[in-house]
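I have placed the structure first, in the form of structure tokens, so that the comments after it can refer back to it.
The chains referred to below are lettered A, B, ... by the order of the sequence lines, with proteins before strands, and numbering in each begins at 1.
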Amino acid sequence: MAKEIDSEISYKPRILVIDDEKRIRDGCQKVLAQEGFEVEKAETGEQGIKMIEERYYDIVLLDLMMPGLSGFEVLAHVKGIHPEAVIIVITGYATVEHSIEAMKKGAFDFIPKPFSPEQLRVIVSKAIEYTRTLQDIANEKSRMRVLINRLASGVMATDNLKRVALANPAFLKMVGHSGEKAIGLPIEECVRNERLKGMIDQALAMPKEEFVELTDELKIGQEREGEEIILSARCVPFRDRLGRNLGTITVLHDITALKKIDQLKSDFVSMVAHEVRNPMNSVLAQLKVVCDGLAGELTAKQKDILLRAAEKIKTLSDLTTELLDLAKIESGLIAQEKESVDLSSLLSQQVAFHQAKAEAKHIRLESDCPPDLPSVVANRANMEEVLSNLITNAIHYTPEGGRVTVSANIENDYFCIRVSDTGIGIPKEELSRIFDRFYRVKNEKTRFITGTGLGLPIVKSIVEAHNGRIKVESEPGKGSTFSAYLPLIS
Amino acid sequence: MSDKQLILVVDDDPDLVEAVCMKLESEDYRVAKAYDGVQAWEKIKEEKPKLVILDVMMPNKNGYQVCDEIKQSPEYKDITVILLTAVGEAVTTTRYMHRDGITTLADDFIPKPIDLDKLMEIVKGYAG
């Protein structure tokens with residue numbers, strides 16, 4: 001209610017007292033006006049109805065026993081004009097039967113004559129609270145309806161019997177429902193896509209100790225023009241206070257355009273891969289053949305020049321590869337296939353894979369990973385790349401005789417991979433830039449280390465694409481520690 | 001030496017095929033060349049090579065398909081297949097990068113850019 005403070009303050013509930021006894025009318029007016037209500041009076045049922053027809057009253061205090069039109073007749077009439085008006089009947093002689101009958105006909109409460117000002121205040125304030133709650137619910141519903149109907153995403157709610165409780169126009173258009181009304185229909189009559197129906201079943205069957213957002217990508221053929229749209233669908237159950245499933249909410253998002261752009265980018269990436277990198281690869285092989293003397297004897301000088309040329313092309317080729325990787329990661333986010341990945345075993349594999357490289361530099365490469373760590377939902381190839389890049393970097397930037405340790409543990413719902421080295425470290429002022437593309441720390445110590453400056457940006461992109469984060473701590477001369485945090489399944 | 005094995009080299013870049021073949025010939029292998037997947041099959045039937053070095057990305061039938069067909073044919077399934085992989089991926093690291101079912105049927109792979117010395121090691125391992 002706090003969000004409607006402005007309108008609440010300016011709004012003064014209006015009360016009408018209909019009673020043939022002047023004493024009661026005046027008494028009520030006095031007591032209620034003190035409470036800050038706007039109070040009006042009517043002597044007869046006929047007058048009361050006329051006033052109600054002219055303007056809206058939040059609360060009507062209605063005497064049941066009046067000459068002329070009886071309270072019951074007025075009650076029926078008021079309910080017809082303003083069903084939301086709250087009616088409190090005033091009953092003489094405490095006739096319980098009458099009161100009960102009035103309540104059956106829609107009165108909110110009754111107050112037996114004679115009553116004290118305190119009794120009146122209590123009953124009216126209860127009625128005000130009730131009408132405000134109704135008003136809040138109505139406002140909330142109206143706000144929600146406008147909001148949901150305005151959304152470009154499709155939104156649908158079902159009840160626990162799988163009937164449509166709410167569906168916005170975007171949703172109906174996306175699922176191709178062209179019938180008149182969807183509200184109240186069994187879901188089968190509104191949604192034809194089997195996978196979407198399956199998601200709703202699954203969400204409804206979800207036990208209360210579990211709460212998972214179900215996601216899927218759906219292809220839905222539009223009836224007209226046979227055009228196909230691609231939807232990202234998310235479905236969750238919603239619950240009452242005791243955790244029972246009351247129904248489901250499904251949100252659809254049209255990602256057809258994104259998919260098309262994604263495809264364009266993939267096409268471009270593979271075009272570049274084939275047209276730019278492959279020639280370089282051939283040149284490398286050609287230079288190698290010539291340098292090996294397979295195309296005739298070479299002078300030492302010629303060989304030296306060609307070897308240096310080959311080295312440059314190799315660097316270019318590596319750069320292209322990494323650029324392609326980065327482009328792929330950045331474009332493929334939506335389509336990235338994720339699966340449950342056992343990071344601990346991946347970690348051991350990667351450590352084993354890089355062992356030879358480490359040994360060549362007399363570096364001790366060790367892994368320290370508890371065996372029973374949970375899996376993470378991730379893209380396997382991406383995770384390999386993260387590990388491989390971090391380990392390769394650590395080996396590159398660690399002098400001979402040093403140590404590289406790869407470890408893993410669980411920290412607050414995150415799977416943390418840590419690669420520590422006893423290398424040259426990173427100066428403090430460079431720390432913030434090492435994840436920038438093409439940035440490389442340049443000083444005496446790094447002069448002979450080659451690289452493209454894309455390894456860490458790739459690692460960062462991947463980790464962030466998995467909703468994780470990457471952290472680095474370093475002390476020049478002592479070593480660096482890179483930590484990648486990946487969220488466990490929520 | 002005529003007892004040396006015949007090796008088929010398939011890639012859509014003739015320069016690369018030539019370079020690889022020169023290296024193979026320097027090790028006394030006999031070579032055959034093809035420049036796309038369809039030609040590869042013609043050469044396989046014609047020459048019955050011991051080993052095929054097969055590029056993955058090629059016009060007219062890609063390397064995965066050719067590899068799959070070789071491994072499923074009763075007549076040719078014993079031919080050793082070494083894939084040249086470079087499909088816009090970081091193949092610099094591991095083996096399980098390319099695991100779309102078909103690829104695992106190859107006997108071995110070497111990432112591009114090809115390290116010719118390493119390729120020779122692999123070839124010798126299979127073809128002697």
Could you list which of residues 287-299 of chain A have a heavy atom closer than 4.5 Å to any heavy atom of chain B, in residue-number order?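 Only A/K288, A/V289, A/D292, A/L294, A/A295 of residues 287-299 of chain A have a heavy atom under 4.5 Å from chain B.
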Chain A contact via B/D15 - side chain, backbone, both or neither, heavy atoms under 4.5 Å: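 Backbone plus side chain of B/D15, per the 4.5 Å heavy-atom cut-off to chain A.
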Only pairs of heavy atoms separated by less than 4.5 Å count here; which of B/D13, B/D115, B/V17, B/I114 has the most with chain A?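 Highest number of pairs under 4.5 Å: B/D13.
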Would you mind telling me which of B/D117, B/D11, B/V20 has the largest number of heavy-atom pairs within less than 4.5 Å of chain A?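 Of the options given, most contacts go to B/D117.
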side-chain contact (heavy atoms from CB on, under 4.5 Å) with B/P113: which of A/V283, A/N281, A/N278, A/I313?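 In the set A/V283, A/N281, A/N278, A/I313, the residue that makes a side-chain contact (heavy atoms from CB on, under 4.5 Å) with B/P113 is A/N281.
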Please report the interatomic distance CD(A/Q286) to CD(B/E18), rounded to the nearest 0.5 Å.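 Separation between the atoms: 7.0 Å.
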Shortest non-hydrogen separation from B/L116 to A/A285 and the atoms involved: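 Heavy atoms of B/L116 and A/A285 come nearest at CD1-O, 3.7 Å.
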Would you tabulate the side-chain donor-acceptor contacts of residues 118-125 of chain B under 3.5 Å, counting partners in other chains and residues two or more places apart, or write 'none'?
residue, atom, partner, partner atom, Å
B/K124, NZ, B/E27, OE1, 3.3

Tell me whether the count of non-hydrogen atoms from other residues, nucleotides or ligands lying under 6.0 Å of NZ in B/K48 goes above 12.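 Atom NZ in B/K48 is packed in, count exceeds 12.
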For the NZ atom on A/K303, are there more than 12 heavy atoms of other groups (residues, nucleotides or ligands in this structure) within a distance under 6.0 Å?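 Counting other residues, nucleotides and ligands, NZ of A/K303 stays at 12 neighbours or fewer.
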Using side chain to side chain contact (heavy atoms under 4.5 Å, CB included) as the criterion, list what pairs up with A/S367, not counting sequence neighbours.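 Checked A/S367 against side chain to side chain contact (heavy atoms under 4.5 Å, CB included); matches are A/L347, A/V351.
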Which of residues 32-41 of chain B have a heavy atom under 4.5 Å from any heavy atom of chain A?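 Residues qualifying by a heavy atom under 4.5 Å from chain A are absent, so none.
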